[in-house]
Amino acid sequence: GDSVTQMEGPVTLSEEAFLTINCTYTATGYPSLFWYVQYPGEGLQLLLKATKADDKGSNKGFEATYRKETTSFHLEKGSVQVSDSAVYFCALREIQGAQKLVFGQGTRLTINP
Amino acid sequence: DTAVSQTPKYLVTQMGNDKSIKCEQNLGHDTMYWYKQDSKKFLKIMFSYNNKELIINETVPNRFSPKSPDKAHLNLHINSLELGDSAVYFCASSQAGRNTEAFFGQGTRLTVV
């Protein structure tokens with residue numbers, strides 16, 4: 001089946017540092033790709049998405065570009081804040097069958113002031 | 001207005017008991033899901049319903065039984081609870097389709113003692 005692999009966490013950065021969280025996928029065809037964020041004690045919230053190759057999703061200063069050549073959807077932010085501390089999940093929606101959402105294992109990000 | 005709401009938020013119970021978690025969405029979506037998140041934050045889909053019809057039933061013990069009385073509700077009943085059932089359970093909803101994102105509830109933290 002389709003799968004998503006994220007970089008191992010936890011990731012710890014200082015405020016205003018540049019952030020990259022790597023995400024690669026294995027899938028049949030070209031699925032839609034998503035980044036979700038989970039703040040402590042809360043459910044998952046959609047951060048951004050891209051539905052076709054070369055699309056760039058962006059929100060709240062975060063960006064990710066759908067790269068079909070490298071089957072990747074890396075999350076980036078130019079200057080992180082303490083409030084960005086959370087767990088980040090990369091996901092894809094299968095294009096066949098029940099079209100379920102498949103998640104990566106999550107990457108915990110901690111930003112220190 | 002909460003889009004996807006689940007109750008209770010916390011559930012502590014003894015081994016062998018039977019418990020239910022309720023979920024409701026007011027987004028008009030036609031598809032609802034149950035996910036289980038373990039202590040390492042890994043998310044795994046358990047069930048999905050589309051228009052009250054079961055479309056995803058992953059390898060889950062048959063002690064877990066979902067019920068969807070209508071499109072807006074998806075409940076999860078668990079019989080004979082075991083220690084290993086302790087986790088956070090998330091309800092989610094979406095419109096069917098390969099490009100759609102899912103909206104998540106706040107989660108129910110189940111602790112079996």
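Proteins get letters first, then strands, A, B, ... in listed order; numbering begins at 1 in each.
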Going hydrophobic residue to hydrophobic residue with side-chain gaps under 4.5 angstrom, can you get from B/Val88 over to A/Val87? yes
For the aromatic rings, using the six-membered ring if either is Trp, is the centroid distance between B/Phe42 and A/Phe103 under 6.0 Å? no
Given heavy-atom pairs under 4.5 angstrom as the criterion, report whether the side chain, backbone, both or neither of A/Gln96 touches chain B. neither
Could you go step by step and tell me if B/Phe104 and A/Tyr36 meet the ring pair (Phe, Tyr, Trp, His ring centres under 6.0 Å) rule? CA-CA 10 Å; B/Phe104 283 76; A/Tyr36 281 83; 5.6 Å; yes
Within 6.0 Å of CD in B/Glu53, more than 12 heavy atoms from elsewhere: no
Which one of B/Glu101, B/Arg109, B/Lys40 has the most heavy-atom pairs closer than 4.5 Å to chain A? B/Glu101
Going through the checks in order, is the side chain to side chain contact (heavy atoms under 4.5 Å, CB included) test met by B/Tyr33 and A/Leu101? CA-CA 10 Å; B/Tyr33 313 82; A/Leu101 266 176; 5.8 Å; no
Is it true that A/Leu75 and A/Leu33 fall in one hydrophobic cluster, defined by side-chain heavy atoms closer than 4.5 Å? yes
Does a side-chain N-to-carboxylate-O contact under 4.0 Å join B/Arg98 and A/Glu94? no
Measuring heavy-atom distances to chain A, does B/Gln37 have an atom under 4.5 Å in its side chain, in its backbone, in both, or in neither? side chain
Heavy-atom pair count under 4.5 Å with chain B, highest-scoring of A/Pro31, A/Gly97, A/Ala98: A/Ala98
Measure distances from B/Thr100 to the heavy atoms of chain A and classify the residue's part below 4.5 Å as side chain, backbone, both or neither. both
A/Phe18 atom CZ: more than 12 heavy-atom contacts under 6.0 Å: yes
dist A/Lys100:NZ -> B/Ser94:OG (nearest 0.5 Å) comes out at 14.0 Å
Quick check on B/Lys22: does its NZ atom have over 12 non-hydrogen neighbours (other residues, nucleotides or ligands) under 6.0 Å away? no
Starting from the C-alpha separation in whole Å, work towards a yes-or-no answer on side chain to side chain contact (heavy atoms under 4.5 Å, CB included) for A/Arg108 and B/Lys41. CA-CA 9 Å; A/Arg108 184 181 296 277; B/Lys41 299 292 188 182; 3.4 Å; yes
Does atom CZ (B/Phe64) have a neighbourhood of more than 12 heavy atoms from anything else shown, all under 6.0 Å? yes
Which of the residues A/Val102, A/Leu46, A/Leu92 is involved in the greatest number of heavy-atom pairs with chain B at under 4.5 angstrom? A/Leu46
Applying the 4.5 Å side-chain criterion to the ILVMFWY set and letting contacts propagate, would B/Ile21 and B/Ile56 be lumped into a single cluster? no
For residues A/Leu44 and B/Leu43, determine if any side-chain heavy atom of one lies less than 4.5 Å from a side-chain heavy atom of the other. yes
ILVMFWY network linking B/Trp34 to B/Leu81, side-chain heavy atoms under 4.5 angstrom: yes
Please say whether more than 12 non-hydrogen atoms of neighbouring residues, nucleotides or ligands are located less than 6.0 Å from CD in A/Gln81. yes
Indicate whether the side chain of B/Asn99 and that of A/Ser32 have a donor and an acceptor atom separated by less than 3.5 Å. yes
Structural part of A/Lys49 lying under 4.5 Å from a heavy atom of chain B: side chain
Does one hydrophobic cluster hold both B/Tyr89 and B/Leu83, with members joined at side-chain heavy-atom distances below 4.5 Å? yes
